[in-house]
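Small disclaimer: the values here were computed from a predicted structure and weren't measured. Counting convention: from 1, in listed order, for ligands and their atoms alike. Residues take their numbers from the sequence shown, with the count starting at 1.
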Amino acid sequence: MSIVTTPEVMAPDATELEARVQELLSRMTLGEKIGQLSQVNGPWAHEGIPEDFAEAIRRGWIGSVLNAVDVERVNEMQRIAVEESRLGIPLLIGRDVIHGFRTIFPIPLGQAASWNPELVREGARIAAREAASTGINWTFAPMVDIGRDPRWGRVAECLGEDPLLASRLGAAMVEGFQGDDLRADDAIVACAKHFAGYGASESGKDYAATFIPERELREVHLPPFKAAVDAGCQTMMASFSDLNGIPATANRYLMTTILRDEWGFDGFVVSDWDSVHQLTVHGLTGSDHESAYEAAMAGVDMEMASRCYIEHLEWLVQDGRVPIERVDEMVSNVLRVKLRSGAFESPYRDPALFPVPGNEEHRASAYESAVQSGVLLQNDASSGRPTLPLDLDALDRIAVIGPLADEPGEQLGTWIFDGDASVSTTPLTSLQEVCAGRCEIEVARGLETTRDRSHDGFPQAVEAAERADVALLFVGEDAILSGEAHCRADISLPGAQAALIEAVAATGTPVVLVVQAGRPLAMESVAGFAQAILYMWHPGCMGGPAIVDPLTGARNPSGKLPITLPRVTGQIPIYYAHRRSGRPPTPESFIYIDDIPPHAEQLSVGNTSFHLDVWYRPLFSFGHGMSYTDFRYEGLRLERDSVEIGEPVRVFCDLVNEGDRRGVEVAQLYIHDQVASVTRPVRELKDFQRVELEPGERRTLEFVLPPEAFAFVGRDQRTRIEPGRISLWVGRDSDATLRVELELTGETRA
Ligand code: BGC
């Protein structure tokens, strides 16, 4: 239980807050102002705080420190700032608290598979509480970049391919980090990153350039940032990437026109690590002096790590190139956030007043998050009974094969600075527990790591499979294969894992793949060898029970893909909300040279949009995810078939649990605007609901779509709603077939 406090003083209202900002500003020297705009790195090899560092804080030359996690040192830095500096302005202590602090939750992409904003909010709340106990008061999360290229290593950190899903979950993370009252000691300032378009890096290679047309920027990449701002997110991070020729860190259109003028954002923008300096490397500027100018004038308020502001801003002001009013604006933005954060009233943290990081309650939440992030991709029932869940009492022996069955560190995934692998529970440990006294387990790793190419361990794995009733193969990616600057050109299973799966499958023993990975993997070549596939992403410290409980049926899977799973890497980019093309393929438009789809060699009749060597559909669609029970959708209907533009649209659909166990279904609503002045995606997710039903239970779901659900960016790059026919589907995934037609009437609204 948390006993942390909120400062007694009432939160200042807007006028009071601005008055305090102005009052502070009026007493600051230019040097002190620039200090507030500088963030420096703080992990030191030695004890205590180096004297030159302490002196810099004392003189007001540092506004924020990142990567300081020792509470005594953090408190001491705050003490110097608050008690020994002239103006007593506290520091922001920043850290990448991405998917947990000590208690590691599933990677964000995994959490997104839960489609559960409440759970995601709770995960961020716990991470904030743990981080805050060490004095951290600012996290560089959530990352709300849209991920449509799974080669990109940071897809692990994103909330999927869809703007609506990422908006809802990103907003939930912001709410979780910042809590109900940002001034509470256990709340930390959130930072939506990377503004904007970072996820669109060419060929999925980190830091590469992005080319994003205005419409796509506004319809796909910006909505999650807007949602974060609307949720009260106090800071934004400028992206490293080059957007259409102007790096985001110098992009005034993004950071001033859109963020400030259109959205009314009044927090502050921090650069990414060294990204102000890197403007010279991009070739946008010829010197750090110019980089400081470009970034400051475009809208970067605080510089992370590099020293362009510290070393050049003063001159730029003296030369009259950067008006002092601009500097004052930048400083005001920072001070406003510091004042709102409660740091002035309550700069110190006492860990004894916080729940112990990594406690059982937090681990239970990480477990729940991991269970709900698991996606059951396939579950063969051709033998009369589904492969999963396993009936442990009916099995004599289970073969546990593969490099990820017992890897406490790998299951944590990327960005786990403060995690502790020694407290992870692995799938093998959990299996041993539940199988004790019921069935035997034989372990044969087969491969040392997911990247291992040697077949030396295969014979042992094959023999284990031969002796077993079922083979559980724990495959995927080591943690190091995703994350920042960890991109892959080929996203199939690395190393000899595909060959291992094939060898084990050749024994005839049923194969269950449990995949832990930082991205969607292209698994066409192996999916056919497996009777069941449970996709777990990197599930975090409670990966063991969170994997084993669904395997044994103690829990019923409910995760849904937040991102499309391609068949092969060459299909990328592949996402559900694509444009149709003038020559769309259909199953009927092919001549199959051998076999039947999806493995066919094929030719298209009449030339359609397809690859010669791969079926045009993904392996698993966005939104897909199975359950151990059966859900049926029926009775999709509209309150009115024809609705005036500007009115909400009410949609009803009945959902029935036809199976014999309780389960959770994520009911998804998609639309397609059939004819519009610009072409529209074939489907767009507009709403979803998580619904828990008892066996035999039927529930009528109601969706209310606001008028803006039908808005898009027109030829003039402005938002509009046009009259016309809209197809609307409700169902289990983005391939849902239950459809109704809606007529939007009235005049175009621009
Ligand atoms: C990443 C950011 C991160 C920052 C600080 C950069 O390399 O792009 O997402 O917040 O480092 O660690």
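The H194 neighbourhood of ligand 1 comprises atoms 2 (C), 8 (O), 9 (O), with distances under 4.0 Å to a heavy atom of that residue. For ligand 1, the atoms sitting less than 4.0 Å from at least one non-hydrogen atom of K193 are 2 (C), 3 (C), 9 (O), 10 (O), numbered in the order shown with element in parentheses. Applying the 4.0 Å criterion to heavy atoms of F140 picks out, from ligand 1, the atoms 10 (O).
Salt-bridge annotation for D301 and R326: present, with a side-chain N of the basic residue lying under 4.0 Å from a carboxylate O of the acidic one.
Polar contact check, W273 against ligand 1: no nitrogen or oxygen pair lies under 3.5 Å apart. For ligand 1, the polar-atom distance check finds no N/O of Y198 at less than 3.5 Å from any of the ligand's N/O atoms.
Tested against F195, the residues V269, N251, L222, V270 include a single side-chain contact (heavy atoms from CB on, under 4.5 Å) partner, L222.
Ranking the protein heavy atoms by distance from atom 3 (C) of ligand 1 puts D96 OD1, 3.2 Å first. Of all protein heavy atoms, the one closest to atom 2 (C) of ligand 1 is D272 OD1, 3.2 Å.
Donor-acceptor pairing under 3.5 Å is lacking for the side chains of E410 and H538. Looking only at atom types and distance, the side chain of S114 has no donor-acceptor partner in the side chain of Q372 under 3.5 Å away. Under the 3.5 Å distance criterion, with hydrogens and angles disregarded, a donor-acceptor pair is assigned to the side chains of R154 and Y198.
Residue contact annotation: E157 has no non-hydrogen atom under 4.0 Å from ligand 1.
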- request: Please assess T257 against E262 for the test side-chain contact (heavy atoms from CB on, under 4.5 Å), listing each intermediate value before the final yes or no.
  value: CA-CA 6 Å; T257 309; E262 289 183 26; 4.3 Å; yes

task: Would you check, one step at a time, whether the test salt bridge (charged side-chain N to carboxylate O under 4.0 Å, His left out) holds for D186 with R125?
output: CA-CA 9 Å; D186 67 351; R125 192 83 284 280; 3.4 Å; yes

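No part of M143 comes within 4.0 Å of ligand 1, judged by heavy-atom distances. With a 4.0 Å heavy-atom cut-off, ligand 1 is reached by the side chain of R154 but not by its N, CA, C or O.
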